[in-house]
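In what follows, chains are A, B, ... by sequence order, proteins preceding strands, each numbered from 1.
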Amino acid sequence: MKPGNLSKLLTDLNEVQREAVLYEGGPLLLLAGAGSGKTRVVTRRIARMIATGVDAHSIVAVTFTNRAAREMRSRIEDLLDEDAMQGLIVSTFHALGARFLRQFADRFGRTERFSIYDEEDQQAVLRATLQACGAPHSAVIVKAIERAIDLAKNAGREAEEASLPPSDMPLDMRQVGRLYEEALQRADAFDFGDLILRPGLLLSSDESLCVQFQHRWPRICVDEFQDTNAAQYRWLKCLAPVGSDLLVVGDDDQSIYGWRGAEVGNIITFPDAYPGARVLRMEQNYRSVGHILTAANSVIAQNHQRLGKDLWSLLGEGMQVELQACRDGRHEAFWVAERIQSLCADEGYALGDVAILVRANHLTLDFEQALNCLGLRYVVVRGRSFFERACVQDAIAYLRLAHNHRDDIAFLRALKSRSRGVGAKSLERLSKAAMEAGVSLYEAAQSSVKGLQRKAQSGIGDFLKILESYPQEGPLHERAHKLFQAADLLDEQGLLESDEEERQNAENIKRLLTYIETFVEENPGATLDDFLERVKLIGEADVAETSGGAVSMMTIHAAKGLEFSVVFVVGMEDGLFPSARALKDGQIEEERRLCYVAMTRARQRLLLTWAQKRQTFGEQRKCEPSRFLFELPEEVILQSAELGRLAVLHQKSKTAETRVALEPKRRDDDWDAEWKVQNAVQNRDVESQLSDRPEENFEPLPWSDEALYADAQPVEMGFEAEVLQVQKKAPSGWQPGARVFHVQFGEGEVTSIAGGDSCTAHVAVRFFNGVEQTILRRYLSLIDG
DNA sequence: AAAAACTATTTTTTT
DNA sequence: AATAGTTTTT
């Protein structure tokens, strides 16, 4: 232990925090509001245990995301020597489950090499299963069943017990569920839900094993407890008997995973499950300025199902919350980009201080373009976009199959990734043969299948040869390299002649190899098993971390647990946030919690935007401001022309009968149709209102529509979703020599520049088509040289 | 069996 | 608008 640390572990703590760190009287529920220093308490508590002689092996800390796990580990590391931490487990529920199941795989008819199936794999299993029974297997049905199975497992039940949403489709869920489980077992695979469900089931049915584990980890800490589902809770109850040293930390107001089976009830009833549990509340916020907290408190106060709390801070009121109405999605994006620019130029913020939070991933597109146009670096923190690419998945399928020959889904994926003369008919014959022999596709393919065309037969033979080429020895990345080479995924010689798409694919495969190499370097001795598990359980977002000097863009879900000096919450429209789905299903409270989470990410500046129309499903649709905006107290909103407009809408919303249709109580199946109708009605109203007093209601835009749209440089999307890759932009920005693009004149080179802000600055450009012209800077976009 | 043309569907959110 | 899945054509 680092000298003198024991006392340091208690410094800078308020009274409640200190008690939470020191408490030793058994179960402890820590209700920790946003920004209340929860991680600090947990890490100090664990560090202190270890520093006072507790064996690190006896402690396990469970988090929900890998990022949280890593953060917790590194913060404990800051407090202790690394060797003191030896044996300490900080892990997600899912990783812990996978680890557990590897150990007890034989109890479930699996081997320790089992595959982990994500929802795509699950759907593939279901599709094949339904197809085999001749049942309908459309994407909609498959999806619905998959979701039902997932929900069932999250709720601690088996797939057979899943309940399908009522439909006219006659489907025996019990049978489908049974067949699904059989298919998983045949494939030596567990699905995501199993990683949680199975450990809990095994422990609760095996008394002695349960006791064994209770001795293994007498000290348990669970982060984000409000997000636990029934299956997780059952497992936890086995591990932590009543009276044990169990710390659960959470905030019912930040429960945003209800759709994944999370039950807020777990945190609310915790004291009942663990009688005598100490309950501590942390309401002092160390993150946000007063106005932001007031705004967030005011929104979340509209919820009924909550324990109730009010955050306060000593940081002063700070700036007011800015509210901006925009004409459409693109205008919104440009407004935000401009605002970021001015915050950096005038108020000393750095790009890395800024985050743009969205409700759904697809909203990031417009913002990427706008930031690109202004040459602002940004980073999109997205789940796992790289691994989602088709060609990468294909390559991984080869690896999966090489590792687990019984992984039928991987077999199909890898086989179909290339034209091999094996079509639907042949596949049908093959799977029939496999079914009859009770073996995997791989095994069936090894013996000769009757009725196969010669071409198909040889195609399958070639395919098997590829897999046999996988070396059993050597470093992981080299073995993968050999395999990909054999599978002709790398296309090494044909890089130049082959078409663009193929080249891209080969690039991706190379990147995958680099990724594997890095993984091996970081985790010496790691097996293919470890790598595949990592690919399944860890998104790239986790690799993220400090975005350096770039604006961060991510979903609100991904932003949980993070904080930024400046936060933009964009797309604040009814039907988007709250989402149409939530509106339909009456899930408004969870959406409001999501809004609360978003707002409480901000330290100093919070800016909320919405667009009056937005392109959805390929068509422009009028939008209404999010109902959450009406829940903001007026006094914390920055006075602007928009406020008057909002107030008018607000007033109207209270009286007009049109609003009634939007209320959750009117929820029924044709909500969407109703929404459209009402939207049309309201649009007309808004339109007439605007045409009455356009100048007062509408802040005149600093640019024309044409300029706005012309300015948007068409960017190739997708590539920036690198492993948290920072956008490479023209490094020096607007300087003589910079390459620029103009919609009319094409590409050119900057010859001189004149000052002004992004709206008024002029730039002289010599275009490559011969034209020389001084032009408003905003009509130009920087491009890479 | 493979490629091309056509169609329905999608936008929550993530381990 | 983009894509995944399905049907038709080659």
Novice: Taking only side-chain nitrogens and oxygens of A:N361, does any of them come within less than 4.0 Å of OP1 or OP2 of B:dT14?
Specialist: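 Yes, such a contact exists.
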Novice: Please state how far atom CG in A:L532 lies from atom C1' in B:dT15, giving the value in whole angstrom units.
Specialist: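 A:L532 atom CG is separated from B:dT15 atom C1' by 17 Å.
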Novice: Using a 4.0 Å heavy-atom cut-off across all strands, classify A:K153 as base, sugar-phosphate, or nothing.
Specialist: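 No contact at all - A:K153 keeps every heavy atom at 4.0 Å or more from the nucleic acid.
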Novice: What's the CD1-P distance between A:I141 and C:dT6, to the nearest Å?
Specialist: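 Result: 11 Å.
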Novice: Of the options B:dA2, B:dT10, B:dT14, whose atoms approach the side-chain atoms of A:S419 most closely?
Specialist: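 Nearest nucleotide to the side chain: B:dA2.
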Novice: Consider the side chain of A:A360, meaning its heavy atoms from C-beta on, and name the nucleotide among B:dA3, B:dT13, B:dT14 that approaches it most closely.
Specialist: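 Nearest to the side-chain atoms of A:A360, counting from C-beta on, is B:dT13.
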Novice: First locate atom CD1 of A:I356, then atom OG of A:S552, and finally report the distance between them rounded to the nearest 0.5 Å.
Specialist: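 Atom-to-atom, A:I356:CD1 and A:S552:OG are 9.0 Å apart.
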Novice: Side-chain N or O of A:T616 versus OP1/OP2 of B:dT11: is the shortest distance under 4.0 Å?
Specialist: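 Answer is no, no contact under 4.0 Å.
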Novice: Take A:R581 and A:E590, measure what salt bridge (charged side-chain N to carboxylate O under 4.0 Å, His left out) needs, and give me the verdict at the end.
Specialist: CA-CA 12 Å; A:R581 180 84 69 95; A:E590 175 149 320; over 6 Å; no
Novice: Output the single nucleotide from B:dA1, B:dA3, B:dT15 whose closest atom is nearest the side chain of A:E119.
Specialist: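 Side chain of A:E119 sits closest to B:dT15.
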Novice: Without decimals, in angstroms, what is the distance between A:L151 CG and B:dT15 C1'?
Specialist: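 From A:L151 CG to B:dT15 C1': 14 Å.
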Novice: Checking all strands, does A:R614 fall into the base, sugar-phosphate, or nothing category for heavy-atom contacts under 4.0 angstrom?
Specialist: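 Touches nothing.
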Novice: Checking salt bridge (charged side-chain N to carboxylate O under 4.0 Å, His left out) for the pair A:D251/A:K38: CA distance, chi angles, key distance, verdict?
Specialist: CA-CA 10 Å; A:D251 176 4; A:K38 152 194 94 160; over 6 Å; no
Novice: Please report the distance, rounded to the nearest Å, between CD in A:E388 and P in C:dA4.
Specialist: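 To the nearest whole Å, that distance equals 10 Å.
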Novice: Rounded to whole Å, how long is the line connecting atom CZ of A:R260 with atom P of B:dT15?
Specialist: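 Computing the A:R260:CZ to B:dT15:P distance gives 7 Å.
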Novice: Start with the C-alpha gap between A:F531 and A:Y515, add the side-chain angles, then the distance that decides, and say whether side chain to side chain contact (heavy atoms under 4.5 Å, CB included) holds.
Specialist: CA-CA 10 Å; A:F531 176 72; A:Y515 185 92; 3.6 Å; yes
Novice: Side chain of A:S426 only, please: which of B:dA1, B:dT14, B:dA3 is the nearest?
Specialist: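 Nearest to the side chain of A:S426 among the choices is B:dA1.
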Novice: So what does A:A424 hit on the nucleic acid, given a heavy-atom distance under 4.0 Å: a base, only sugar-phosphate, or nothing?
Specialist: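 Touches sugar-phosphate only.
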Novice: Pick the nucleotide of DNA chain B nearest each of A:V140 and A:A95; which residue has the one closer to the 5' end?
Specialist: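 Result: A:V140.
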Novice: Over all strands shown, is A:Q615 touching base, sugar-phosphate only, or nothing at heavy-atom distances under 4.0 angstrom?
Specialist: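 Sugar-phosphate only.
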Novice: Quantified in whole Å, what is the P atom distance between nucleotide B:dT13 and nucleotide C:dA4?
Specialist: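 My reading of the P atoms in B:dT13 and C:dA4 gives 15 Å.
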Novice: For A:F64 and B:dT15, say yes or no: do the ring centres fall under 5.5 Å of each other while the ring planes differ by less than 30°?
Specialist: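 Given the distance and angle limits, no, they do not stack.
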Novice: Scan A:F93 against the nucleic acid and name what it touches under 4.0 Å (heavy atoms): base, sugar-phosphate only, or nothing.
Specialist: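 Counting heavy atoms under 4.0 Å across all strands, no contact is made by A:F93.
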Novice: Taking the six-membered ring of A:F190, is NZ or CZ of A:R110 closer than 6.0 Å to its centre and within 45° of its axis?
Specialist: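 Yes, A:R110 sits over the ring of A:F190.
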Novice: Expressed as a whole number of angstroms, how long is the span from A:L583:CG to B:dT11:P?
Specialist: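 Spelled out: CG on A:L583 to P on B:dT11 is 18 Å.
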Novice: Taking for each residue the nucleotide of DNA chain B bearing the nearest heavy atom, is the 5' side occupied by A:K425 or by A:E590?
Specialist: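 Nearest-nucleotide comparison on DNA chain B picks A:K425.
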Novice: Rounded to the Å, how far apart are A:R147 CZ and B:dT14 P?
Specialist: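 Checked: the CZ to P distance equals 13 Å.
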Novice: Round to a whole Å and report the spacing from NZ of A:K143 to C1' of B:dT13.
Specialist: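 Between C1' of B:dT13 and NZ of A:K143: 13 Å.
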Novice: Using purine N1 to pyrimidine N3 plus N6-O4 or O6-N4 for Watson-Crick, or N1-O2 and O6-N3 for G-U wobble, both under 3.5 Å, which nucleotide pairs with C:dT6?
Specialist: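 Per the H-bond distance test, B:dA5.
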Novice: Paired with B:dT11 by Watson-Crick or G-U wobble geometry, both distances under 3.5 Å: which nucleotide is it?
Specialist: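 Pairing partner, where one exists within any strand: none, as none qualifies.
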Novice: As a test of reading the structure: which of B:dA3, B:dA1, B:dT14 is closest to the side chain of A:K455, going by heavy atoms?
Specialist: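 Nearest listed nucleotide: B:dA1.
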Novice: Examine distances only and state if a side-chain atom of A:D585 and a backbone atom of A:Q587 form a donor-acceptor pair shorter than 3.5 Å.
Specialist: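 Looks like no, no N/O pair under 3.5 Å.
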Novice: Given B:dT11, B:dT14, B:dT15, which nucleotide is nearest the side-chain atoms of A:F617?
Specialist: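 Comparing B:dT11, B:dT14, B:dT15 against the side chain of A:F617, the answer is B:dT11.
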Novice: How is A:R127 classified with respect to the nucleic acid when contacts are heavy atoms under 4.0 Å: base, sugar-phosphate, or nothing?
Specialist: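 The residue A:R127 makes sugar-phosphate contact but no base contact.
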Novice: Report which part of the nucleic acid A:S138 touches: base, sugar-phosphate, or nothing (heavy-atom distance under 4.0 Å, all strands).
Specialist: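 Nothing: the residue A:S138, judged by heavy atoms under 4.0 Å, touches no strand.
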Novice: Which of these nucleotides, B:dT13, B:dT15, B:dT11, is closest to any side-chain atom of A:F192?
Specialist: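 Looking only at side-chain atoms, A:F192 lies closest to B:dT15.
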Novice: Working to the nearest 0.5 angstrom, can you tell me the gap between A:M554 CE and A:L357 CG?
Specialist: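 Interatomic distance, A:M554 CE to A:L357 CG, rounded to 0.5 Å: 6.5 Å.
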